[in-house]
J.: 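Sharing a structure, written as structure tokens. Questions coming.
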Amino acid sequence: MAFIDKIFEKAKADKKTIVLPESMDERTYAAAEKILKEGIANLIIIGTPEEIAKNSAGYDITGATIVDPFNDPNKQKYIDKFVELRGKKGVTPEIAKEQMEKDYMYYACLMCKCGDADGAVSGACHSTANTIRPALQLLKTKPGISSVSGFFLMEVPNCEYGEDGLFVFADCAVNPEMTKEQMAECAAVSAESFESLVGKQAKVAMLSFSSKGSAKADSVTKVQEATELAKANYPDLLVDGELQLDAAIDMKTGQSKAPGSPVAGQANTLIFPTLEAGNIGYKLVQRLAKAGAYGPVLQGLALPVNDLSRGCFAEDIVGTVAITAVQAQNAQ
Ligand code: ACO
């Protein structure tokens, strides 16, 4: 069974409520129709009656809960929560109301924060930064986690590497330049993501252009120190570095460049040293190897919120909603 079909089955087994704030985009309704028909999640769509009528024509979204942000009996509760969370940052009831009406992603995050939804998916017509910022400001990180990062679950066809072609790549979405502390934490959080979605043990490689001291540069030192931190802070984590990509995934190269490493040659969870490397890396594999790229999936948030690419298809929204629902099951 393909990775995403297993995720659909998991999502259906314990249905969660996911909020979709992009009522201004037709793809939301195409996705909603399929999600509702197949029973992948319960849905809340945020939008005015005019927005919904204009953009949902031709789609059957019976069963979705519609929340009109200008006429919602729960709105004051969300305004109060917004002010409670961001009052010290200057958010007054007037600013909260205006922000929620202008940007439904704030509304969606407040619904999650108040327990009225289990997760949110946005980004089909908003930038990554605009999708992530409300979640960072309102939902914050899980206890014990200091930094949110973003991964792609890569499914490479006909591939003997990773877990039969399945990998987690991180950070591909959030932090332009992770510190060594963030990189170490990203290794542990990514391993958890891999294990919860794929159901197999994560083997984490800290990537560089150097393997075990073969090159010297400040950027190599950062990855070496991040690896040591990850080993010290997460003693149960199977992690090694610094490794070049070929040493990380190919057994013969791994044995030659990093002999004795418990990860080299078998890595299925790849931690990139910068956002540039991670973002370019996943797109190379997606395009050249025709790999499935599910994400970016955010990890480390207290509640699951996920981003979409603006070039996404309705089918991608369905997949991201299912992944978000499974993350919500694990967040309980
Ligand atoms: N983890 C946890 N909290 C964070 C993180 C993080 N990684 N980054 C920022 N925050 C918090 C801040 O502490 C701040 O909290 P506060 O307001 O309570 O003090 C809040 O989030 C806002 O932070 P800012 O730095 O003011 O927000 P900013 O909008 O400048 O940056 C953002 C955050 C949006 C994530 C930024 O780092 C960014 O734009 N990253 C790149 C996103 C991107 O374009 N990715 C590539 C495209 S994705 C793709 O191709 C699929």
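In each ligand, atom 1 is the first atom listed, and ligand 1 is the first ligand listed. Side-chain atoms are counted along with the backbone in the values below, which use heavy atoms only and exclude waters and symmetry mates. Quantities reported herein were computed from a predicted structural model and do not represent experimental measurements.
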J.: Can you give me the closest heavy-atom contact between Q299 and S190, atom names plus distance?
T.: NE2-OG, 2.9 Å
J.: Tell me, please, which residues at least two apart from D68 pass side-chain hydrogen bond (donor to acceptor under 3.5 Å, both in side chains).
T.: none
J.: Show which atoms of ligand 1 fall inside a sub-4.0 Å distance from at least one heavy-atom site of S147.
T.: 1 (N), 7 (N)
J.: Looking at atom 28 (P) of ligand 1, would you say a protein heavy atom lies below 4.0 Å from it?
T.: yes
J.: How far is atom 51 (C) of ligand 1 from its nearest protein heavy atom, and which residue and atom is that?
T.: Y282 OH, 3.5 Å
J.: Report yes if some N/O of R133 lies less than 3.5 Å from some N/O of ligand 1; otherwise report no.
T.: yes
J.: Work out which heavy atom in N71 is nearest to a heavy atom in P73; give both atom names and the distance.
T.: O-CD, 4.0 Å
J.: Can you tell me how the ring of F152 sits relative to the ring of Y282, calling it parallel under 30°, perpendicular over 60° and tilted otherwise?
T.: parallel
J.: Can you confirm whether some protein heavy atom lies under 4.0 Å from atom 37 (O) of ligand 1, or whether none does?
T.: yes
J.: Scan the side chains in residues 161-168 for donor-acceptor partners under 3.5 Å anywhere in the protein, sequence neighbours excluded, and list what turns up.
T.:
from	atom 1	to	atom 2	distance (Å)
Y161	OH	D250	OD1	3.2

J.: For atom 25 (O) of ligand 1, is the nearest protein heavy atom under 4.0 Å away?
T.: no
J.: I'd like to check V156 versus K290 (side-chain heavy atoms, cut-off strictly below 4.5 Å). Are they in contact?
T.: no
J.: Between the candidates V174, I132, L136, which shows the shortest non-hydrogen contact distance to atom 41 (C) of ligand 1?
T.: V174
J.: Going by the order shown, which atoms of ligand 1 are within less than 4.0 Å of some heavy atom of F152?
T.: 51 (C)
J.: State whether any protein heavy atom lies less than 4.0 Å from atom 21 (O) of ligand 1.
T.: yes
J.: Are any of the protein's heavy atoms under 4.0 angstrom from atom 4 (C) of ligand 1, yes or no?
T.: yes
J.: May I ask you to check if ligand 1 and P296 share an N or O to N or O distance below 3.5 Å?
T.: no
J.: Tell me which one of L138, N279, L301 gets a heavy atom nearest to atom 50 (O) of ligand 1.
T.: N279
J.: Identify, for atom 7 (N) of ligand 1, the protein heavy atom at the shortest distance, and state residue, atom and that distance.
T.: N175 OD1, 2.7 Å
J.: When hydrophobic residues are tied together by side-chain contacts of less than 4.5 Å, even through go-betweens, does L207 share a cluster with V220?
T.: no
J.: Please report which non-hydrogen protein atom sits nearest to atom 2 (C) of ligand 1, along with the residue it belongs to and the distance in Å to one decimal place.
T.: V148 N, 3.5 Å
J.: Tell me: protein heavy atom nearest atom 19 (O) of ligand 1, and distance?
T.: K89 NZ, 2.8 Å
J.: Which bit of Q182 is near ligand 1, meaning a heavy atom under 4.0 Å away: side chain, backbone, both or neither?
T.: neither
J.: Heavy-atom distances under 4.0 Å decide this one: backbone, side chain, both or neither, for R86 against ligand 1?
T.: side chain
J.: Do any N/O atoms on D307 end up under 3.5 angstrom from N/O atoms on ligand 1?
T.: no
J.: Please compare C172, A173, A129 and report which has the shortest non-hydrogen distance to atom 42 (C) of ligand 1.
T.: A173
J.: Quick check on the hydrophobic clustering: are Y104 and I95 connected, directly or via other members, by side-chain heavy-atom contacts under 4.5 Å?
T.: yes
J.: Could you walk me through whether E185 and I145 satisfy the side-chain contact (heavy atoms from CB on, under 4.5 Å) test, starting with their C-alpha distance in whole Å, then the side-chain angles of each, then the deciding distance to 0.1 Å, before giving a yes or no?
T.: CA-CA 8 Å; E185 187 181 78; I145 302 292; 3.5 Å; yes
J.: May I ask you to check if ligand 1 and K140 share an N or O to N or O distance below 3.5 Å?
T.: yes
J.: Tell me whether the NZ or CZ atom of K75 lies within the 45° cone about the ring axis of F70 and under 6.0 Å from its centre.
T.: yes
J.: Name the option, out of I280, L85, T128, L308, that contains the heavy atom nearest to atom 44 (O) of ligand 1.
T.: T128
J.: Do the non-hydrogen side-chain atoms of C109 and P134 ever get within less than 4.5 Å of each other?
T.: yes
J.: At under 4.0 Å between heavy atoms, which part of K283 makes contact with ligand 1: side chain, backbone, both or neither?
T.: side chain
J.: Is a salt bridge present between E51 and K54, judged by a nitrogen-to-oxygen distance below 4.0 Å?
T.: no
J.: Verify the cluster assignment for M100 and M111: are they in a single hydrophobic cluster under the rule of side-chain heavy atoms below 4.5 Å apart?
T.: yes
